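The sequence lines fix the lettering, A, B, ..., with proteins before strands; numbering per chain opens at 1. A quick note: this is a predicted structure, and the numbers were derived from the prediction, not measured.
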Protein chains: 2
Amino acid sequence: MRLDDRKFLILQAIIDDYIMTAVPVGSRTISRKSGVGFSPATIRNEMSDLEELGYLDQPHTSAGRVPSAKAYRLYVDRLMKSVDVSEEEAGRIHDHLYRRTAQVEEVIREAAQALSDVTHYTAVVAAPRLDGMTVRRIQLVPVTETSALMIVVTSAGMVKDHVIPVPAGVEPDHLYAISKMLTAQLAGHPLSNARDLLIGVFAGLTEHKQLMGSVIRALDQQAQEEGVGSLVVGGRSNLLSYPEYSDVEKAKNFLAVLESREKLAPLLSQTGGVEFAVRIGPEINMPEFADCSVVTATYRVGNNTTGTMGIIGPTRMNYARVVSVLNYMGRTISDLLSGDKE
Amino acid sequence: MRLDDRKFLILQAIIDDYIMTAVPVGSRTISRKSGVGFSPATIRNEMSDLEELGYLDQPHTSAGRVPSAKAYRLYVDRLMKSVDVSEEEAGRIHDHLYRRTAQVEEVIREAAQALSDVTHYTAVVAAPRLDGMTVRRIQLVPVTETSALMIVVTSAGMVKDHVIPVPAGVEPDHLYAISKMLTAQLAGHPLSNARDLLIGVFAGLTEHKQLMGSVIRALDQQAQEEGVGSLVVGGRSNLLSYPEYSDVEKAKNFLAVLESREKLAPLLSQTGGVEFAVRIGPEINMPEFADCSVVTATYRVGNNTTGTMGIIGPTRMNYARVVSVLNYMGRTISDLLSGDKE
DNA sequence: GGTTAGCACTCAACCAAAGAGAGTGCTAAC
DNA sequence: GTTAGCACTCTCTTTGGTTGAGTGCTAACC
């Protein structure tokens with residue numbers, strides 16, 4: 001049995017309806033829809049076929065049909081019509097993002113908020129990955145007598161800081177001189193090499209060995225943290241509006257995942273460099289997200305740097321709209337983070 | 001009618017029981033408790049009195065009694081026995097907090113996590129307020145050709161940064177010189193005065209007027225942000241375990257409040273400088289928190305600087321335990337943030 | 001006079017049975 | 001190939017009865 005045009009049409013109608021209502025859809029409902037000129041009985045025959053093909057599930061005899069994960073997959077891959085973001089949505093996104101001067105943390109926080117506001121789903125935005133960037137400058141700013149803030153400025157104008165210990169008796173001016181030396185050594189090199197470069201320098205040193213050790217450790221730690229880097233969640237409570245999460249126990253498990261960076265990170269990182277990725281229900285491989293889909297997208301900052309963001313919604317989410325919103329948001333963030341600062 | 005000793009005893013027994021079970025408690029239950037040597041009938045008479053006095057509510061005839069907000073108030077003010085944190089709890093708090101080098105953001109994040117972990121309620125921790133602190137150092141670090149990071153180090157070793165625009169053509173060394181000048185001008189003065197001091201300097205300037213303007217604007221903005229400063233929430237999903245929030249609609253409203261800094265900030269800020277504050281149900285004056293209580297505490301960093309943290313739980317929360325945990329956490333944070341760095 | 005046993009009464013919670021409604025699958029007619 | 005008709009299925013809602021915890025009152029008790 002093959003999926004002919006009519007089956008396509010009917011499947012699409014079912015998915016569209018289910019996305020709106022979350023109620024198993026019956027043959028009469030589809031038959032009444034404009035565009036489908038068949039009687040309920042015919043629809044029923046087709047639905048029976050579609051079920052056999054694995055595109056529909058039946059919660060029980062005498063309920064309507066519900067799209068399966070396979071159906072959503074098909075929908076996303078082939079049936080989905082791209083939608084433009086509406087004027088109003090674009091406006092809301094701008095309102096969020098252009099509110100104040102754009103520090104990275106602030107931008108991704110607002111982005112997450114905007115995404116969840118506009119889509120009514122839950123949004124996760126990860127800060128741009130630093131490892132592809134090159135170092136532009138390193139500077140040590142004294143904080144107390146025995147500690148300093150190490151500031152790393154990267155090519156895309158992104159900033160990362162670390163508190164490091166400093167041996168007592170090192171003057172501020174001295175720290176500045178060391179900063180200039182560090183900058184001279186590392187500027188233009190990728191951040192991921194910085195550590196190794198410094199180790200070379202380190203060997204030839206006679207003084208400040210201790211301080212340099214601290215700098216190297218801080219760079220190490222940063223590299224380590226990259227995996228679970230800055231991660232902002234917006235619209236946690238949005239998903240509770242959907243009947244899928246009217247069960248408190250389920251809702252609780254879902255929210256618990258959102259609380260842990262460790263569990264959340266893989267959701268965003270498994271994109272494999274594709275611009276968009278859609279993972280549907282069981283494809284996510286997490287029991288808490290069995291009824292969820294995740295749409296992730298990457299955004300660019302400068303030339304080599306990318307960050308990831310994602311929308312988490314029920315499997316019956318409005319994929320077309322989510323993709324278009326993510327698309328628009330990607331462009332907006334890029335403008336904001338690369339344009340203004342470069 | 002007065003609250004005599006026996007009524008006290010019975011009320012306390014009712015509250016204790018209700019805190020544990022969340023089920024309306026009946027006369028027989030209390031009568032069986034050791035320490036109360038009266039028959040159910042006697043208890044009933046007293047309960048009837050307590051209801052008339054406003055300490056108990058009855059969900060409906062023939063259900064047990066439930067403590068009213070007034071009862072919890074009394075409990076907190078007079079009946080509560082102070083409890084020590086257990087070894088195990090103290091250990092868990094330490095595990096969270098001493099995990100890595102202590103940057104402020106990191107510490108308050110872990111503190112929120114630890115508090116919610118240990119209490120099983122929801123925790124909110126606010127970063128220390130900066131306005132009481134004095135400036136120790138200001139430094140400008142170039143980021144791009146037209147922007148720099150302004151770093152303000154305060155007396156307690158706390159760091160705050162801002163991106164500010166810089167006129168093109170200002171050399172890094174030049175920025176460093178300006179930083180030294182700024183530091184010389186402001187060091188030792190309270191952060192809240194910094195802006196006004198600079199305006200005095202500003203008038204006499206011939207060059208760098210533009211840059212100084214940016215610095216002043218950044219200080220302004222920081223003062224403004226102080227009100228809704230950094231705020232971390234932990235254990236959002238914890239409250240969903242309690243039967244009070246088995247209603248999804250309620251849970252959703254509750255979570256929505258936790259998402260908005262603006263709504264959350266007053267919860268912590270209305271403490272009025274007291275070390276502990278307990279607000280119970282209606283006293284909070286937010287419909288979403290009608291069944292909640294909030295216990296807030298301040299912690300100290302250095303001499304003048306304080307931050308706030310709070311636990312949000314059901315009105316029937318275990319106040320004694322929460323207060324002791326907050327107490328312990330306050331001391332631990334203080335040690336961590338002032339001790340190590342001063 | 002405070003305390004307690006006894007008893008009628010109330011009300012949510014639980015359960016089973018009945019009815020309604022939506023939807024299917026099959027068959028026969030178009 | 002399409003559709004009308006019909007018996008059948010299964011959930012959801014409603015209804016009514018039962019249970020049990022708990023109260024309030026009264027009268028007896030110490």
Side-chain angles (χ1 to χ4, degrees), chain A residues 1-11 13-15 17-18 20-68 71 243-244 246-247, chain B residues 1-11 13-15 17-18 20-68 71 243-244 246-247:
Chain A
M1 189 163 27
R2 290 276 305 138
L3 257 188
D4 56 27
D5 283 357
R6 198 169 69 178
K7 287 193 175 57
F8 256 26
L9 185 70
I10 291 174
L11 184 56
I14 293 173
I15 294 175
D17 191 89
Y18 190 70
M20 296 297 298
T21 64
V23 168
V25 10
S27 52
R28 241 174 73 89
T29 317
I30 297 303
S31 166
R32 268 198 303 260
K33 275 207 173 172
S34 68
V36 191
F38 300 100
S39 77
T42 311
I43 308 284
R44 276 204 291 279
N45 290 331
E46 295 291 30
M47 279 167 125
S48 178
D49 290 354
L50 284 168
E51 186 173 353
E52 199 173 325
L53 287 166
Y55 292 107
L56 294 180
D57 288 332
Q58 206 171 13
H60 55 88
T61 353
S62 96
R65 301 302 212 292
V66 165
S68 67
E244 282 86 345
S246 57
D247 175 11
Chain B
M1 189 161 28
R2 291 274 306 138
L3 259 186
D4 56 26
D5 284 357
R6 196 169 71 181
K7 287 192 175 58
F8 256 25
L9 186 69
I10 291 173
L11 184 57
I14 293 174
I15 295 175
D17 191 272
Y18 190 71
M20 296 297 297
T21 64
V23 168
V25 11
S27 51
R28 243 174 72 89
T29 317
I30 297 303
S31 165
R32 268 198 302 259
K33 275 206 175 175
S34 67
V36 190
F38 299 99
S39 77
T42 310
I43 308 283
R44 277 204 291 281
N45 289 331
E46 294 290 31
M47 278 168 127
S48 177
D49 290 352
L50 283 167
E51 185 173 355
E52 200 174 325
L53 286 166
Y55 292 107
L56 294 180
D57 288 332
Q58 205 171 14
H60 55 88
T61 351
S62 96
R65 303 301 212 292
V66 165
S68 67
E244 282 86 345
S246 57
D247 175 12

DNA chain C: stems of at least 3 consecutive Watson-Crick or G-U pairs, cut-off 3.5 Å? C:1-30 with D:1-30
Identify which nucleotide among D:dT2, C:dA5, D:dT23 has an atom closest to any side-chain atom of A:Arg6, counting heavy atoms from C-beta outward.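 Per side-chain heavy atoms of A:Arg6, the pick is D:dT2.
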Which nucleotide in C:dT24, D:dA4, D:dT23 has an atom nearest any side-chain atom of A:Met47: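 Output: C:dT24.
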When the distance from [atom1] of [X] to [atom2] of [N] is rounded to whole Å, what number comes out?
X: A:Glu52; N: C:dT24; atom1: CD; atom2: P; answer: 16 Å
X: B:Arg28; N: D:dG24; atom1: CZ; atom2: P; answer: 17 Å
X: A:Glu46; N: D:dT3; atom1: CD; atom2: P; answer: 11 Å
X: A:Lys7; N: D:dG1; atom1: NZ; atom2: P; answer: 11 Å
X: B:Asp49; N: D:dC25; atom1: CG; atom2: C1'; answer: 14 Å
X: B:Phe38; N: D:dC30; atom1: CZ; atom2: P; answer: 18 Å
X: B:Ile43; N: C:dG2; atom1: CD1; atom2: P; answer: 16 Å

Have a look at B:Thr42 and say if it touches a base, only the backbone sugar-phosphate, or nothing, with a 4.0 Å heavy-atom cut-off. base
Please determine whether a side-chain nitrogen or oxygen atom of B:Thr61 lies at a distance below 4.0 Å from atom OP1 or OP2 of C:dT10.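 B:Thr61 to C:dT10 OP1/OP2: no side-chain N or O under 4.0 Å.
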Is B:Arg65 near enough to D:dG24 that one of its side-chain N or O atoms lies under 4.0 angstrom from OP1 or OP2? yes
Rounded distance [0.5 Å steps], [atom1] in [X] versus [atom2] in [Y]:
X: A:Ile10; Y: A:Ile30; atom1: CD1; atom2: CD1; value: 8.0 Å
X: A:Arg65; Y: A:Ile14; atom1: CZ; atom2: CD1; value: 8.0 Å
X: B:Ile15; Y: B:Met20; atom1: CD1; atom2: CE; value: 14.5 Å

I'd like to know whether A:Asp49 forms a side-chain contact (heavy atoms from CB on, under 4.5 Å) with A:Lys7, so could you lay out the CA-CA distance, the side-chain angles of the two residues, the decisive distance to 0.1 Å, and finally the verdict. CA-CA 9 Å; A:Asp49 290 354; A:Lys7 287 193 175 57; 3.4 Å; yes
Looking at D:dG5, does its base get a donor-acceptor pair with the side chain of A:Arg44 below 3.5 Å? yes
Check: A:Ser62 side chain, D:dT9 base, donor-acceptor under 3.5 Å: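 Between D:dT9 and A:Ser62, which were checked side chain against base, a qualifying N/O pair under 3.5 Å is present.
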Could you tell me whether the side chain of A:Ser68 and the main chain of A:Gly54 form a donor-acceptor pair under 3.5 Å? yes
Are any side-chain N or O atoms of B:Ser31 and backbone N or O atoms of B:Ser27, one a donor and one an acceptor, separated by less than 3.5 Å?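 No: the side chain of B:Ser31 does not pair with the backbone of B:Ser27.
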Whichever of B:Ser39 and A:Ala63 has its nearest DNA chain C nucleotide further upstream toward 5': B:Ser39
5′-ward residue of the pair B:Gly37/B:His60 relative to DNA chain C: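 Of the two residues, B:Gly37 wins.
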Answer yes or no: does atom CG of B:Asp4 have more than 12 heavy-atom neighbours from other residues, nucleotides or ligands under 6.0 Å? yes
